[in-house]
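What follows is a set of notes on a single structure, which appears directly below.
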Number of protein chains: 2
Amino acid sequence: MSTRAKAVPDRRRAILDAAVRVFARQGFHACRVSDIADEAGVAYGLLYHYFPSKEEVLNTLFLERWGVMLEMIREVDRKPVPVREKLGAIASFIIDSYRHDPDLMKVIIVEVTRAANSFGQTHLGQIREAYRLIGEIVTKAQQEGIFKADIDAEFAAMTFYGAIEQVLTGWIFGLLPQGEEDLERAKQMVVETVCGGLECSPPISSA
Amino acid sequence: MSTRAKAVPDRRRAILDAAVRVFARQGFHACRVSDIADEAGVAYGLLYHYFPSKEEVLNTLFLERWGVMLEMIREVDRKPVPVREKLGAIASFIIDSYRHDPDLMKVIIVEVTRAANSFGQTHLGQIREAYRLIGEIVTKAQQEGIFKADIDAEFAAMTFYGAIEQVLTGWIFGLLPQGEEDLERAKQMVVETVCGGLECSPPISSA
DNA sequence: TGAGTGATTGATTGATCAGTCAATCTATCC
DNA sequence: GGATAGATTGACTGATCAATCAATCACTCA
């Protein structure tokens, strides 16, 4: 309602932001609601004024971010550019998301995307939609004769997204170096590797 | 000690097997120790006779299986066969493990391998060792001039293992079809895609 | 000014569950 | 047969924590 600057501190936002930090640090199951409240500098009960449950805080975080990603993929797919560019844009978006807010990406991947039980189950539809959209991009490339037609598109989408997620996991676990240039190289390498494996014709050596 | 047939029922094993089913069904955090005991047809307290904690049951399951896999990778690497065959053997082993005991693989992936907090942390060393071994195979292929030298071996290992794990996750989530022939095709496709992307020379079109 | 609305507080409740332990059972050996 | 050791039982304890709620506070508008 009010656009007045400085007016009311947005407690809801503060709680969400605090939750990201706490979930990333301790994990959803291991942290207490009071940890989130403390981190947000807010009373315990206030969380329940804004959210019906601890779980709903996580759901909100996930849906907020995942929605942006789905919209981005749809938009990229509409553009008349080559597959490599489309997949490159998706890889860039996800990796830049990590660069911009590693804690949030950690929470989404660890607590939702990779949690087959609990939350993964709840958001299966959203997750599946991402695979479906990427699969569509692959299918089109196959129809254009750019990608091999004998590889299942869903499968290829899974491989592509899986490779990116695994690299993020590597960063999250501290298994891979994550300097500025590592992130940029990762974008190229994921696209290079996956497209290289999917394309029909041998890549033209430009070196 | 005794090899007498039928003699003593192995309660420890019964508890471990029951735990696999319960963890797969409900998840480690969501299930109660009593669920495991009930599933094993054993009294609550007996679990604590064989294991110091609920957590240690999961640790045991993971280490048992992961150890077999690491040993298998080492063995494959010793053989004087081409990279494709080595990576193919690894993919086969993991996918066959899933075929043979999908619940166990689900538990290992969902509760350990992909759980950056909690258990992933504990077993980081073991997990890292797998990446390292696969990375070594890649490095050798690079030295032999079979794989592109400009791609980080650790990164390639991550991509390879990530693709497999993602496909397993697809099966676990029910996102990909998992008939006999799907499993076999997956082995080929993972190796095909990843090697295709990593190899120097264009793949010889055999079609 | 003061009534009304919604934000904010944190002590309390109620339920859940991991882990303990004293008692009982079974097998084995002298 | 009876003594010892280990296996097995499940009621119980103690701690934890999500969620509730009655009370207080801050702000708006008439």
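Heavy atoms only: backbone and side chains are in, while hydrogens, waters and symmetry mates are out. Every chain is numbered from 1 and lettered A, B, ... according to where its sequence line falls, protein lines coming before strand lines. Only a predicted model underlies this, so the values are computations on that prediction, with no experimental measurement involved.
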Pick out the pairs of N or O atoms, protein on one side and nucleotides 9-13 of chain C on the other, that lie under 3.5 Å.
| unit_1 | atom_1 | unit_2 | atom_2 | d |
| --- | --- | --- | --- | --- |
| C:dT9 | OP2 | A:A43 | N | 2.7 |
| C:dG10 | N7 | A:G45 | N | 3.1 |

Exercise. Quick one: which of A:L176, A:V110, A:I108, A:I94 gives a side-chain contact (heavy atoms from CB on, under 4.5 Å) with A:L168?
Worked result: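 For A:L168, the side-chain contact (heavy atoms from CB on, under 4.5 Å) test succeeds with only one of A:L176, A:V110, A:I108, A:I94, which is A:I94.
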
Exercise. Going by the angle between their ring planes, with limits at 30° and 60°, are A:W66 and A:Y161 parallel, tilted or perpendicular?
Worked result: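 The arrangement is perpendicular - the two ring planes meet at more than 60°.
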
For this session: Anything under 30° is parallel, anything over 60° is perpendicular, the rest tilted; go ahead and classify B:H29 against A:H29.
Result: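 Ring orientation, 0 to 90° scale: parallel.
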
Exercise. Among residues 21-40 of chain B, which contact DNA chain C at a heavy-atom distance under 4.0 Å?
Worked result: B:C31, B:R32, B:V33

Exercise. Listed in order of residue number, which residues of residues 53-61 of chain A have a non-hydrogen atom at under 4.0 Å from DNA chain C?
Worked result: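 None, since no heavy atom is under 4.0 Å.
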
Tell me if a side-chain donor or acceptor on [X] pairs with a main-chain N or O of [Y] at a distance below 3.5 Å.
X      : Y      : result
B:E111 : B:F28  : yes
A:D77  : A:R74  : no
A:Q178 : A:W171 : yes

For this session: Check the pair B:Y131, A:Q166 against side-chain hydrogen bond (donor to acceptor under 3.5 Å, both in side chains), reporting the backbone distance first and the verdict last.
Result: CA-CA 11 Å; B:Y131 292 137; A:Q166 195 71 10; 2.5 Å; yes

Exercise. In terms of side-chain geometry, is the basic nitrogen of B:R25 or B:E39 positioned less than 4.0 Å from the acidic oxygen of its partner?
Worked result: yes

Exercise. Below 4.0 angstrom, N of the basic side chain to O of the carboxylate: do B:D182 and B:R185 qualify?
Worked result: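 B:R185 and B:D182: not salt-bridged.
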
For this session: Working to the nearest 0.5 Å, report the span between CD1 of A:I164 and CD1 of A:I134.
Result: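 The CD1 atom of A:I164 sits 6.5 Å away from the CD1 atom of A:I134.
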
Exercise. Between D:dG10 and B:Y48, is there an OP1 or OP2 to side-chain N/O distance shorter than 4.0 Å?
Worked result: no

For this session: Would you mind reading off the distance between B:I15 atom CD1 and D:dT9 atom C1', rounded to a whole angstrom?
Result: 12 Å

Exercise. So what does A:Y50 hit on the nucleic acid, given a heavy-atom distance under 4.0 Å: a base, only sugar-phosphate, or nothing?
Worked result: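 The residue A:Y50 makes sugar-phosphate contact but no base contact.
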
